[in-house]
Protein chains: 2
Amino acid sequence: MTETTSTSSTKTDSCATPFSTANRRPDGQDHYTISEVVAFTGLTAHTLRWYERIGLMPHVDRSHTGQRRYSNRDLDWLDLVGKLRLTGMPVADMVRYAELVREGDHTYGERFELLKTTREDVLARIAELQDTLAVLDRKINFYADAGQAPASERSR
Amino acid sequence: MTETTSTSSTKTDSCATPFSTANRRPDGQDHYTISEVVAFTGLTAHTLRWYERIGLMPHVDRSHTGQRRYSNRDLDWLDLVGKLRLTGMPVADMVRYAELVREGDHTYGERFELLKTTREDVLARIAELQDTLAVLDRKINFYADAGQAPASERSR
DNA sequence: TAGGACCTTGGAGTGCACTCCAAGCAAGCG
DNA sequence: CGCTTGCTTGGAGTGCACTCCAAGGTCCTA
């Protein structure tokens, strides 16, 4: 058995802290192994390495033997990436954002635009979901009523 | 050129009618070809055939030569499927729901549960999105401010 | 009755976001 | 010293939801 595949995090643990500033080590002693980062983020080690390969992570520090040592800054970045991922933003776009950050201050404008676009997408998605919620509720009410009295098949 | 690949519907056409009861033919003359359904739903013909193959559509009526003839009922079903898809429900679950419908009235209870679970998922997703929205807004404000005055790199 | 647009099928291919594998080095412990 | 556990790499594999293809049959209009 290799590589402990995440902590079997099912849908139900959405209340697990968003691994915020809790149980972090102070800046200066912030040298987390990949498995610690797995515990913090809920991502798998595979995914963390993959993020690095595709350029979604700035190159992570290494120990003298070549093992990854993540910093608090890296954790912050992963936190942001996690949020962006929740918005449904494609990985390619997140990589683009990461590139802009690497390129320096002069890309502020472009980053701003990218985030604003994402914001619009999120708003649209929320509206969409609220719309489906209405449909769902109509159907749910139908089945709830039908549970009481026998009804005329095929919903409404 | 074969098989007109959708009406190049970009993200921006979310205001296109959800192909509701508009321009439908009255029950009795409701025999739509696959390309008409493509126009109504925004799905591709490929996808419509695929939905049928995997059991997500009840078997669609055929003309005497074997061509698909969709009914108003089929359109209603596709409307619902579209909504469920927007919730992010996996296709496999939608197929399950379709099976329950085929099995008849005695599956009302199970359908009710399935929809209620979906509803919870949607609510959770909305909450999640609203959370990411807050993060996004903080970042956007940061960049908006930074646009005015030169700032200390690497966001906040 | 000819031409082109449209439709049929099974099966293979695509793109995304992981996910896993094998082979091998490294650190800590009894 | 050997053992276990954890880490490294490039590359291959997976699952989902389509998406496309080839070869052929059908419909409609001039």
Side-chain angles (χ1 to χ4, degrees), chain A residues 1-9 11 31-57 59-70 74 78 81-98 121, chain B residues 1-9 11 31-57 59-70 74 78 81-98 121:
Chain A
M1 204 126 296
T2 340
E3 205 71 78
T4 5
T5 309
S6 105
T7 29
S8 73
S9 61
K11 255 177 189 168
H31 306 294
Y32 309 96
T33 65
I34 200 166
S35 58
E36 286 175 307
V37 178
V38 164
F40 279 146
T41 61
L43 298 168
T44 70
H46 297 302
T47 303
L48 285 168
R49 294 192 198 104
W50 180 67
Y51 276 4
E52 209 177 319
R53 259 197 285 181
I54 64 174
L56 184 49
M57 281 294 293
H59 272 293
V60 173
D61 204 28
R62 302 298 158 121
S63 74
H64 67 108
T65 56
Q67 296 193 186
R68 285 170 182 78
R69 293 295 177 257
Y70 291 85
D74 293 330
L78 283 170
V81 164
K83 297 295 182 194
L84 293 180
R85 199 174 48 132
L86 286 179
T87 68
M89 183 190 265
V91 167
D93 289 5
M94 296 195 278
V95 170
R96 175 81 191 120
Y97 185 79
D121 290 350
Chain B
M1 204 127 295
T2 336
E3 205 69 80
T4 6
T5 310
S6 108
T7 28
S8 75
S9 61
K11 257 176 185 167
H31 308 294
Y32 309 96
T33 64
I34 201 165
S35 59
E36 286 175 309
V37 179
V38 164
F40 279 146
T41 61
L43 297 168
T44 70
H46 297 302
T47 302
L48 286 167
R49 295 194 198 103
W50 179 68
Y51 276 3
E52 208 176 322
R53 262 196 283 181
I54 64 173
L56 184 49
M57 281 296 291
H59 271 295
V60 173
D61 203 28
R62 302 296 159 121
S63 73
H64 67 108
T65 54
Q67 297 193 184
R68 286 172 181 77
R69 291 295 176 257
Y70 290 84
D74 294 329
L78 283 171
V81 164
K83 297 294 182 195
L84 292 181
R85 200 172 47 131
L86 285 180
T87 67
M89 185 190 263
V91 167
D93 290 4
M94 295 196 277
V95 170
R96 174 81 192 121
Y97 185 79
D121 290 351

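Proteins get letters first, then strands, A, B, ... in listed order; numbering begins at 1 in each.
- Closest to the B/Trp50 side chain, of the nucleotides C/dC7, C/dT9, D/dA17, is D/dA17.
- Residue-level contact check: A/Thr33 touches the backbone only, with heavy atoms under 4.0 Å from sugar-phosphate atoms and none from bases.
- The interatomic distance linking B/Gln67 (CD) with D/dT26 (P) rounds to 9 Å, in whole Å.
- A/Ile54 has its CD1 atom 13 Å from the P atom of C/dT19, to the nearest Å.
- B/Arg69 comes within 4.0 angstrom of nothing in the nucleic acid, heavy atoms only.
- When distances run from any side-chain atom of B/Thr44 to the nucleotides C/dC7, D/dT8, D/dT19, the shortest one goes to D/dT19.
- Taking atom CE of residue B/Met94 and atom P of nucleotide D/dC16, one finds them 13 Å apart after rounding to whole Å.
- Looking at heavy atoms from C-beta onward, A/Thr87 lies out of side-chain contact with A/Asp121 at the 4.5 angstrom threshold.
- A/Arg68 has its side chain within reach of A/Arg62: a pair of non-hydrogen atoms, C-beta onward, lies under 4.5 Å apart.
- One can place CG of B/Asp61 at 12 Å from P of C/dT8, the figure rounded to the nearest angstrom.
- Residues A/Met57 and A/Leu78 meet the side-chain proximity criterion, which asks for heavy atoms closer than 4.5 Å.
- In the set D/dG6, C/dC21, C/dT9, the nucleotide with an atom closest to the side chain of A/His46 is C/dC21.
- A donor-acceptor pair under 3.5 Å is formed between the side chain of B/Glu36 and the backbone N or O of B/Thr33.
- A 4.5 Å side-chain heavy-atom check between B/Leu43 and B/Arg85 finds at least one atom pair inside the cut-off.
- Positionally, the nearest nucleotide of DNA chain D for A/Arg62 lies more toward the 5' end than for the other of B/Met89 and A/Arg62.
- Listed pair B/Arg49 / D/dC20 fails the phosphate criterion, with no side-chain N or O lying under 4.0 Å from OP1 or OP2.
- Atom OG1 in B/Thr47 sits 11.0 Å away from atom CG in B/Leu56 (nearest 0.5 Å).
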Atom pairs, N/O to N/O, protein against nucleotides 3-5 of chain D, distance under 3.5 Å?
none

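- With rounding to the nearest 0.5 angstrom, the CZ atom of B/Arg53 is 12.0 Å from the CG atom of B/Leu48.
- Nearest-nucleotide positions on DNA chain C place A/Thr47 closer to the 5' end than the other of A/Thr47 and A/Thr65.
- Residue B/Arg53 is classed as a base contact, given a heavy-atom separation below 4.0 Å to a base.
- Distance check, rounded to the nearest 0.5 Å: NE2 of A/His64 to CZ of A/Arg69 gives 8.0 Å.
- Atom-to-atom, CG of B/Leu48 to P of C/dT8 comes out at 10 Å; the value is rounded to the nearest Å.
- When the P atom of C/dT8 is taken as reference, atom NE2 of B/His59 falls 14 Å away, rounded to whole Å.
- Out of C/dA17, D/dC7, C/dT8, the shortest distance to the side chain of B/Arg68 is found at C/dT8.
- Atoms OH (A/Tyr51) and P (C/dA17) sit 9 Å apart, rounded to a whole Å.
- Contact annotation: A/His64 does not reach the phosphate of D/dT8 (side-chain N/O to OP1 or OP2, under 4.0 Å).
- Between A/Arg85 atom CZ and C/dC16 atom P the separation is 17 Å, expressed in whole Å.
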